[in-house]
Protein chains: 2
Amino acid sequence: MIVDPSADDRLDRAFMALADPVRRGIIARLSRGPATVNELAEPFEITKQAVSKHIQVLEQAGLVTRTRDAQRRPVHLDARALQALTAWIDRYRLIHEQRFRNLDELLATSRGTDAAASDAGTSAGTAQEEMES
Amino acid sequence: MIVDPSADDRLDRAFMALADPVRRGIIARLSRGPATVNELAEPFEITKQAVSKHIQVLEQAGLVTRTRDAQRRPVHLDARALQALTAWIDRYRLIHEQRFRNLDELLATSRGTDAAASDAGTSAGTAQEEMES
DNA sequence: TCCTTGATCAACCATTTGATTGATTACAAA
DNA sequence: TTTGTAATCAATCAAATGGTTGATCAAGGA
């Protein structure tokens, strides 16, 4: 039904998919190789149907794919979606850390010129670039 | 109310917190420096109360902290939580990629010995290590 | 063909989420 | 003290999530 899942939507689904310990457990298991729904359901105390739903969530998030093997339906991890998540996180984490390095430099050069250090940037809205790529 | 938020709970909250474009926008803005609720609410077409709730979600996830400045309450990014997320993701992404490298080696050494390549590992549960650290 | 296994579909239910409006707290300035 | 501003609290609501049970589909094997 969804025609054009925007970048936002894809990030929404992927982050949401990982916001559940069962689904993270499934990802952890799949990092070691493909598995069937029954195999994936085994460690958890919920019904197979519930696990099947979790796999659907992971699939719609692009984190896993399903193939066919007779009546089995092995689930495979797709690491590219994981990489997209770390890319998003690291982007802003690195901007934040760069800001701290710049602040350190500022403090190192203009030592003694106080009052700019305590909460520098509370209303520092210099360049308003795009929020999400 | 919550006494001991487990590692699972913390990951739950953090991933869930990022599964929303408004909250990701807030994180993006805070990567450039602290901001007040009003400043953070400005780009969005929702009420300040809604933004305040989003900030609470981010705060409970450990992604941001709030300080005091008279009647203002500047919000600061806490990059350590972001690092915890990339650590979790990269852990399993790297295991997955290592498995592919191993598979490549296997194919390189025993070329001609087929049938192990198509779906190697469908029931490969060698070592059952802990799912989450 | 009949039966078993693997997996999904469908309907339903309790809880949570995201948002709203209106009232209230906290602080500063007049 | 009164006024104004920043922010949260409280009550409410529609929609989504996570789980269940029961029925159904698909593919082999007896």
Side-chain angles (χ1 to χ4, degrees), chain A residues 1-2 5 8-9 11-27 29-30 34-61 63-76 119 122-123 125, chain B residues 1-2 5 8-9 11-27 29-30 34-61 63-76 119 122-123 125:
Chain A
M1 272 301 157
I2 291 148
D8 260 23
D9 282 346
L11 283 171
D12 282 1
R13 291 174 206 275
F15 277 122
M16 177 68 84
L18 294 184
D20 183 290
V22 171
R23 290 194 291 259
R24 284 199 304 277
I26 291 173
I27 293 290
R29 168 62 186 82
L30 292 178
T36 66
V37 174
N38 272 334
E39 290 168 348
L40 291 171
E42 196 271 323
F44 303 105
E45 291 183 338
I46 56 178
T47 63
K48 275 195 314 176
Q49 287 93 326
V51 172
S52 194
K53 279 192 186 181
H54 280 303
I55 292 169
Q56 281 186 39
V57 172
L58 290 167
E59 190 178 26
Q60 290 190 329
L63 290 162
V64 307
T65 56
R66 276 187 285 191
T67 56
R68 262 256 171 222
D69 172 29
Q71 69 267 60
R72 286 181 194 78
R73 214 154 300 186
V75 185
H76 306 249
D119 212 355
T122 293
S123 50
Chain B
M1 273 300 159
I2 291 148
D8 260 23
D9 283 347
L11 283 172
D12 283 2
R13 291 175 206 274
F15 277 121
M16 177 68 84
L18 294 185
D20 182 290
V22 170
R23 290 194 291 259
R24 285 199 305 279
I26 290 173
I27 293 292
R29 167 63 186 82
L30 292 178
T36 65
V37 174
N38 273 333
E39 290 167 348
L40 291 172
E42 196 272 323
F44 302 105
E45 290 184 339
I46 55 177
T47 63
K48 277 194 314 177
Q49 286 94 328
V51 173
S52 193
K53 279 192 187 179
H54 280 302
I55 292 169
Q56 281 185 39
V57 171
L58 290 168
E59 189 178 29
Q60 290 190 330
L63 290 163
V64 306
T65 55
R66 275 187 285 192
T67 55
R68 262 258 171 220
D69 173 28
Q71 69 267 58
R72 286 183 194 76
R73 210 158 297 187
V75 185
H76 306 249
D119 212 353
T122 293
S123 50

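Naming convention: chains lettered A, B, ... in sequence-line order (proteins, then strands); numbering from 1 in each chain. When reading the values below, keep in mind they use all heavy atoms of this one structure, side chains included, and skip hydrogens, waters and symmetry mates.
Checking the phosphate oxygens (OP1, OP2) of C:dA19, no side-chain nitrogen or oxygen of B:T47 falls inside 4.0 Å.
Counting distance only, with no hydrogens placed and no angle test, the side-chain atoms of B:Q49 and the base atoms of C:dG18 include no donor-acceptor pair under 3.5 Å.
When side chains are defined from C-beta on, B:L40 counts as touching B:L30, because their heavy atoms get closer than 4.5 Å. Put simply, the side chain of B:V37 does not reach to within 4.5 Å of the side chain of B:R73, judged on heavy atoms. A:R24 is listed as a side-chain neighbour of B:D12, based on a closest heavy-atom distance under 4.5 Å.
Taking every heavy atom of both residues into account, B:P43 and B:E39 meet most closely at CD-O, 3.6 Å. Across every non-hydrogen atom of B:L18 and A:F15, the tightest pair is O-CD1, 3.4 Å. Contact record, A:A17 with A:A61: CB-CB, 3.9 Å, taken as the closest heavy-atom pair. For the pair A:V22 and A:D20, the tightest heavy-atom approach, listed with the atom from each and the gap, is N-OD1, 2.8 Å. Between A:P34 and A:R29, the shortest heavy-atom contact is O-NH2, 3.7 Å.
The footprint of chain B on DNA chain D, defined by a heavy-atom cutoff below 4.0 Å, extends from D:dA6 to D:dA11.
Residues A:Q71 and B:Q71 each lie close to DNA chain D; by heavy-atom proximity, the contact nearer the 5' end of the strand is made by B:Q71. Between A:M16 and A:R73, the residue whose closest nucleotide on DNA chain C is further toward the 5' end is A:R73. Each of A:N38 and B:E45 was assigned the nucleotide of DNA chain C with the nearest heavy atom; the assignment lying further toward the 5' end belongs to A:N38.
Atom NZ of B:K48 and atom P of C:dA23 are 16 Å apart (whole Å). Between A:D69 atom CG and C:dG6 atom C1' the separation is 11 Å, expressed in whole Å. Straight-line distance from the CD1 atom of A:I46 to the C1' atom of C:dA14: 16 Å, rounded to whole Å.
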Please tabulate, for the side chains in residues 50-59 of chain B, all donor-acceptor contacts under 3.5 angstrom to protein atoms that are two or more places apart in sequence or on a different chain.
{"unit_1": "B:H54", "atom_1": "ND1", "unit_2": "B:R23", "atom_2": "NH1", "d": "3.2"}
{"unit_1": "B:E59", "atom_1": "OE1", "unit_2": "B:R66", "atom_2": "NE", "d": "3.2"}
{"unit_1": "B:E59", "atom_1": "OE1", "unit_2": "B:R66", "atom_2": "NH2", "d": "2.6"}

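For the segment residues 51-59 of chain B, the set of residues with a heavy atom within less than 4.0 Å of an atom of DNA chain D comprises B:S52, B:K53, B:Q56, in numerical order.
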